[in-house]
A.B. asks: 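Got a structure for you, written out below as structure tokens; questions coming shortly.
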Amino acid sequence: MKSINKIILSLIFLTSAVACDDYLDVNDNPNQLVAVPSGDLLLRGTLLANAQVQQGHLARTSMYYTGGLIGLQLVQETLYNYDYTPGDSNAVWGHIYNGILAQNKEIRRISSDIGRLQGIIDVNEALAVGTAASLFGDIPYSTAVPDNPGLSSPDPTLDTQADVYAALQTLIDNAIPKLQDGSTTGNTNDQDNYFGGDEDDWIAAAYTLKARYYLQTKQYTQALANVADGISSSSGTMAYNPIGAVDGNSNLLSNFVTSSRAGDMTGDGAFYRDLIDPSNVNSRNNAKTDETARRAYSYINGDDEQESGIVEDLFNGIDGPATRMKLISYEENLLIWAECLIRANNDTQGAIDKLNELRAYLRSGNAFNLMNAGDTFQYDDYELADFEAGGMENTDNIATERAVLREIIEERYVTGFSTYMPFNDARRLRASDSDLIVPFPLNNSTTTVNPQRLLYAQEEINNNSNIPSPIPDLFTPTPVNQ
Amino acid sequence: MIRKLFLCVFTLLLTSSFVIAQRTVSGTVSDDTGPLPGASVIVKGTVTGATSDFDGNYSIDIPSNDAILVFSFLGYITKEVTVGDQTTINITLSEDSQALDEVVVTALGFVEKRDKIASTYSKIEADKLVQPVENKIIDGIAGKAAGVSINATSGDPGAGSNIQIRGTSSLGGSSQPLIVVDGVPLNNDNLAGSGDSDQSAGVSQQSRLNDINPDDIESFQVFKGASAGALYGSRALNGVIVITTKKGKAGKFSATFSSGVSIDEISYKHPLQTTFGQGNNGSYSPTAQRSWGDRIADRSGGADDVDTSGQFFESLVSDNIIYPITQKNSRDIFTNRNFDQVFRTGVTYDNRISVSSGNEKGTFYLSAGHVKQDGIIESSFYKKTNFSMNTTQYLTDKLKTTFKANYIHTGSNRTQQGSNTAGLYLGLLRTPADFDQSDYIGNYHSSSGAITPFRQRAYRRYLGNSDNAIYNNPLWTINQQSSTANVNRLIGTGEVSYEWNDNISSIIRGGVDFYVDSRVYFFPWYTAGAARRFGLLNDETFNNQEFNGDLITNFNYALTENLNTNIIVGFGLNDRRRKRNFTEADNFLANFRSPLDAAELAPKENISSTTGRVNRRNIRFYGTANFDYADQLILQLGGAFEKHSSLPRDNDGFFYPSAELGWTFSKLMDANAISFGKIRFAYGQVANVPIAHRAQTPFEVGTFSTFSDVITLEDSGGGFQLDEVLGNPNLKPEIKTEYEIGLDLRFLKNRLSLSTTYYTNKTEDVLLNVSIPPSQGFDQIYTNGATIENDGFEAELKYDFLKKQDWKGSIALNYSTNKNIVHGVLGEGEFIDEFSEGTSIESVAIDGQPLGVLYTQGALRNADGSLTLDANGFPQVDTGGNLIVGDPNPDWRGGLQFDLSYKNLALSALFDTSQGNDLAQRTRFIISFFGTHAEVGNTITLTEDLVNFDGDVFPAGSVVRGNVGNFGGGNVLLDEDYYTSLYGFGDGKLNEFAVDDGSWTRLRELSLSYTWNSEKFRKATGLQSVEFTASGRNLVIWTDVVGIDPDINQFGVGRARGLDYFSNPGSRTYAFGIKFNY
């Protein structure tokens, strides 16, 4: 009896001992990388994430709040009626912190010696974080994306909006020598959706971005100091470049209007359409200006029926699947330049000259695609007299300098269509220059003020104890605009 | 050998000599209530035997007057009678209260007597499990066991069902119990896969347990408590279902053949309005999203005025040419016809055959089955073919081998549903009453003469003048799309057992369960949805393998006269692997119309593929020790030590203890007062291990979207993104600890039995993705965090109220409550987890609440709970964030099984009920917004001045479309403004108003059967019996829910509950079967 027990027991333990060790070693991820060989492989993702930050849901929402687009039904309709909820910010917020900052941290760790790559991600980060600061006000930045994140990490604290802008100026300043350093990899160039790894383009865009932020903080002298090194030709415009025409790689507006959201949003009937409509009484067209072609190009039908009258808008309009989406443009650099010449130097003629440089570019026909062969456009040079009392751009007899500024802001409004530029300007000018604001109307009768910010993301509110409670509402200006 | 042969011949000779001397004895076997059919009569020491017939009569040849007859019947005390010179022996057997009824098969596959078990389980009789022609085993459990809830997910043929035992105990991983068949785990996957964009859409998936042929099941038991499952450690968190399959029986060759047909029809339809046409603000528009248009009856009638000068649509299903409408004149209404084009009467044919035989050297059982079901939705079908065999060989007295194999093939075509523009109901229920959907495909001619062939025509694109149909025409969904699944499955088990001596035996058992599930989803050009517009093919294959091995040794000793022990020691290995291959092709090169090879359909840049592998292994050492003292006290101690691959290597071993104590106190009492009484206590731990491969944070090929505008790295040239969910190298298993106390009582000579159990359990270190501030760079971390508690009470009562010769009747009731609560890491009422990704009403886990509560935008309320009204008397949306607006968990559930038989005619009915569960009736809610629901089709004449949502005043006497409402501030007019402002989902909508009580009671099963087995019949046909059955399922449902079976769940088999959104409807079934026994 005893011997049988021994045999049985030893059999059991023998089998188990043999089987144990290696048998359980199957927990390494068999499907996905848990380490990337080089940081440049993360670059494209950070740029696509930023394309969504700059031109996605929140940019479309900002167009609802500045007379550019109309939300017709479902979520778009409620957003249009200023029923903005913190959940609307979740996606963009996530793209900033995970899509860009967390990836940048990895890129810096893995490929710290590749200068151009490091410079690119710094500028890209500055673009994303500055956008966040402009939209949300105070945001987590200096303590964001900590080492060893997890449940035990302290909640990131909010930096003041001004501190964030200041930190970004420093970030860009330090990025420029990295870009000039020139060391790069084939992957860096290939993964760079914006400029294909061209460091000169990145440097110029970095200067324009600095100027943009100085403009937002109303430091006009500093802004002026940077535009000269900014984007100097249309080929230097930084844009998200769709590489194809399928959903996964095309223009974001195209994706949106051809999705099941077709018909939820439209440009029809928006203030913007009237502003550039030659036949409208409120039109900005004049003897020197014909916006017909640009109006056709920037038309967002929002629906995609073929017999809507403008078939081509499906293909190469601003919402065409392969149409590039501008993030920092040559036009913007000229317009900052023009505005700051007046703001910093009272140089009205200089400003008009810069405006005319832009008009020359518009006149060249390269600023937008021509939708129909018969679409006309005209952008003759302005002269000082046009802005003097009684001039074609000053029929209401305001100061010449204000008239020029007003034209510059209006041009920014039209040029910046589909970006945050109109929303940023309206908020920047509200306190001190409300006479310059493009007079787009409110969307309903119950609302009396225009939105002054977007709300903190719900997921951040839920999990970060440092987010103020209650959160500032949609109509509370951000600190730099107070 | 020669000696054996000699022995044989000798025996033969001897037998023949007896033949000469034999004579016949006959008589009747009965019990207190009357004749006992089926009792066995054997001449002791021989193989000669007989069985009593239906009237209890038997007749047997005896070799001599010395013969002793042994009368036996299961559950009765065996009697022996020496024949002597008697020729008629009438005998009355008395019931054996000790050996009474059930045996239980434990999770390890050992047979034990019910009364020797101290944990709770429910046994469902095989013949009660499934009615003839019922091919889904899981649905057969519904309503039959306390504490076990089954939810069908849709009426689609083959659709899976959700099994939940004693509430939900974890947040991630499988929520389904472990299924053990003959000691080997059986896969019960219900995988959504990549072909379903998310769980809220796509098609209903199958539950793999339903692959089993119901005819093969011998017994079906549900072990609810942790103590019974502790031996399975990390796989038994959700309970264990133990199934034993049929084996051949020694003796006569027997065969059964059954055949049946069943009819399915749609059980409930959403009521739709047919008064108003497509459009907005009372005006007709042929492209409008909603049906808030003109009054159809007010139109002039006759054909519509159309513009024939330009574009038109040329139908391919009729000769119709459709031109742009310039003036809508037609008063035609198509609601019913549109419905009837899509739904039909479903028919199922089911045929099964089994044969079995055997002798003392071995037995065999073979079966085959075939089911062919055409679903209630046109073009949906499910078919299943089973073959199984089960053989046992006694190689020597001590060495026994068992081999079992089961092959299953299923094939199906499912219908797209849910939150899905290519789904059936989404398009159908939004379609205006005045839209004729018949011409759903055709050639579009533009005004410039360009022709686009095979365009889809749907109600928002009635000219087919866009690539984007927005929502599918339902006829497109059923005729142009396909969602097929083909499964081939092989399950094999081999077992060798050896008896070392009278006290010790060992078993080596190995099992494999392989299946390949191949799914193809095909959407041709012009299917609604951006991703499908120019064609989409999803070709997905799951390759699933499970290997299981056990070595078990059983020691049985009587330590003293009164103390018996049984010790089981075992060692087990388990290896589960899955490989998933997914190929997607979109943006087809041309308008291809069948699911070909991806490379034929689309250029390379539009083809992508992913492979996902999962591998999990564990090693278990386990043991139980049973002590049985004087048939009165039972103590069972158990434990398993388990090492699992998905735990960190330096801390991968965990011990799961269990203990059960039972005391049969009735031994000390007067047997007349109480037939049986036992009190039992049980304690046990079970677990759930982390998802495999989650120790590290992976780099994914990311996607970037903010709102219906996704761009992907995959399509944009490639690259990586560090995932937003952090990995975690320090994971532990989540461990559930359960205590239960129970009382089993039987009265009136066992005719009345009551079993009650109270349990309380707590799962700690629950694994979940815990949200962290996104500004940390990551949204979530996978970790141990939450705690889940379940407390509940279960009772099962059975009374055999009739037990006469001809009449038999019984009634069985079951009742259960479960109170569930989840605690988060912070314990501050925080949001923990969302189970319903992407829905406007979410089913979520929130600290301090039951799991799955419904969470969405609610109404602004005053301190007293009344609605805060706006100036016009209407409710307002609380913009302060989501509110808990409902609980999908029932307050209690119950079942009532009623059986009555007269001679060979038997009636059986099963009612079950779920009370106090809330349901988000999102379909009703959104189609009210769309203006198609019947509740928004009323025309009323105002008897007082009323104000509408916008503040417009409508004077008394006005005839308006809408309803009168009162939110506490007096009557108001609910018209288009109201239904399109507060209904419909999205920001600013009052989603709370979609949530309502979803309680139901249903007559789940009703069946009538007749068995024809008279002697005359048997002699004439050579058959043992023929059974005829007529049955019905879901015949009546009592509920306040309108339009759908409240059991339907948009999220299928998952934790998200209480949500409906264009889910395919449920069905009502009538079945007729015939079964021949030979």
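Every chain is numbered from 1, with letters handed out A, B, ... down the list of sequences. Note that these values count all heavy atoms, side chains included, but never hydrogens, waters or copies made by symmetry. All of these numbers come straight from a predicted model, not from anything done at the bench.
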A.B. asks: Given that the side chain runs from C-beta out, which part of A:Leu252 has a heavy atom under 4.5 Å from chain B: side chain, backbone, both or neither?
C.D. replies: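 Both parts, backbone and side chain.
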A.B. asks: At a 4.5 Å cut-off on heavy atoms, which part of A:Gln103 comes close to chain B: side chain, backbone, both, or neither?
C.D. replies: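 The answer is the side chain of A:Gln103.
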A.B. asks: Considering only heavy atoms and a distance below 4.5 Å, find which of B:Ala692, B:Gly727, B:Ala528, B:Gly718 pairs most often with chain A.
C.D. replies: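 Ranked by heavy-atom pairs under 4.5 Å with chain A, first place is B:Gly718.
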A.B. asks: More than 12 non-hydrogen atoms from neighbouring residues, nucleotides or ligands closer than 6.0 Å to CG on A:Asn148, yes or no?
C.D. replies: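 No, not enclosed.
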A.B. asks: Which atoms of A:Pro30 come close to chain B, meaning under 4.5 Å heavy atom to heavy atom: side chain ones, backbone ones, both, or neither?
C.D. replies: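 Both backbone and side chain.
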A.B. asks: Name the option with the most non-hydrogen atom pairs under 4.5 Å to chain A; the candidates are B:Arg694, B:Gln696, B:Arg616, B:Glu714.
C.D. replies: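 Highest number of heavy-atom pairs under 4.5 Å: B:Gln696.
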A.B. asks: Would you name the heavy atoms of B:Gln857 and B:Asn882 that are closest together and state the gap between them?
C.D. replies: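 Answer, listing the atom of B:Gln857 first, then B:Asn882: N-OD1, 3.5 Å.
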A.B. asks: Need one label for A:Ser250: side chain, backbone, both or neither, based on atoms under 4.5 Å from any heavy atom in chain B.
C.D. replies: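 It is the backbone, since no side chain atom gets that close.
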A.B. asks: Chain B heavy atoms under 4.5 Å from A:Gln191: which part of the residue, side chain, backbone, both or neither?
C.D. replies: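 The answer is the side chain of A:Gln191.
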A.B. asks: Please look at B:Asn615 and chain A and tell me whether the side chain, the backbone, both or neither of the residue comes under 4.5 angstrom of a heavy atom of that chain.
C.D. replies: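 For B:Asn615, heavy atoms of backbone and side chain both lie under 4.5 Å from chain A.
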A.B. asks: If we count only N and O atoms by modelled type, under 3.5 Å, do the side chains of A:Asn255 and A:Arg261 hold a donor and an acceptor together?
C.D. replies: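 Looking only at side-chain atoms, A:Arg261 and A:Asn255 do not form any donor-acceptor pair under 3.5 Å.
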A.B. asks: Give me the atom names and distance for the closest heavy-atom approach of A:Leu24 to B:Arg617.
C.D. replies: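 Taking A:Leu24 first and B:Arg617 second, the nearest heavy atoms are CD2-O, 3.4 Å.
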A.B. asks: Which answer fits B:Thr611, side chain, backbone, both or neither, if we ask what part of it has an atom under 4.5 Å from a heavy atom of chain A?
C.D. replies: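 B:Thr611 touches chain A through backbone heavy atoms alone.
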A.B. asks: Checking B:Phe312 now: which residues fulfil ring-ring contact (aromatic ring centres under 6.0 Å, His included) with it, not counting sequence neighbours?
C.D. replies: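 B:Phe312 satisfies ring-ring contact (aromatic ring centres under 6.0 Å, His included) with B:Tyr323, B:His445 only.
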A.B. asks: Only counting residues at least two apart or in another chain, list the ones meeting ring-ring contact (aromatic ring centres under 6.0 Å, His included) with A:Tyr240.
C.D. replies: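 ring-ring contact (aromatic ring centres under 6.0 Å, His included) list for A:Tyr240, sorted by chain: empty.
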A.B. asks: Would you kindly say whether A:Tyr141 and A:Glu125 are connected by a side-chain donor-acceptor distance under 3.5 Å?
C.D. replies: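 The criterion, which ignores hydrogens and geometry beyond distance, is satisfied for A:Glu125 and A:Tyr141.
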A.B. asks: Which answer fits A:Gln76, side chain, backbone, both or neither, if we ask what part of it has an atom under 4.5 Å from a heavy atom of chain B?
C.D. replies: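 The side chain, not the backbone.
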A.B. asks: Picking from A:Leu253, A:Asn241, A:Asp319, what satisfies side chain to side chain contact (heavy atoms under 4.5 Å, CB included) with A:Met325?
C.D. replies: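 The passing option is A:Leu253.
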A.B. asks: Where does A:Arg44 contact chain B at under 4.5 Å (heavy atoms): side chain, backbone, both or neither?
C.D. replies: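 Its backbone and side chain both get close to chain B.
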A.B. asks: Any cation-pi pair here, A:Arg60 with B:Phe707, using under 6.0 Å and within 45°?
C.D. replies: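 Judged by the rule (NZ or CZ under 6.0 Å from the ring centre, within 45° of its axis), A:Arg60 is not positioned above B:Phe707.
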A.B. asks: What part of B:Leu722 gets within 4.5 angstrom of chain A, counting heavy atoms only: side chain, backbone, both, or neither?
C.D. replies: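 Backbone plus side chain of B:Leu722, per the 4.5 Å heavy-atom cut-off to chain A.
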A.B. asks: Only pairs of heavy atoms separated by less than 4.5 Å count here; which of B:Pro324, B:Gly702, B:Ser771, B:Gly984 has the most with chain A?
C.D. replies: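 Most pairs with chain A among the choices: B:Ser771.
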A.B. asks: So for A:Glu106, is it side chain, backbone, both, or neither that comes closer than 4.5 Å to the heavy atoms of chain B?
C.D. replies: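 A:Glu106 touches chain B through side-chain heavy atoms alone.
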A.B. asks: Distance under 6.0 Å and angle within 45° of the ring axis: does B:Arg290 meet both against B:Phe930?
C.D. replies: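 No - B:Arg290 does not lie over the ring of B:Phe930 by the 6.0 Å and 45° rule.
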A.B. asks: Out of B:Asp575, B:Ile711, B:Thr712, B:Thr610, which one racks up the most heavy-atom pairs below 4.5 Å with chain A?
C.D. replies: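 When all of B:Asp575, B:Ile711, B:Thr712, B:Thr610 are compared, B:Ile711 has the most.
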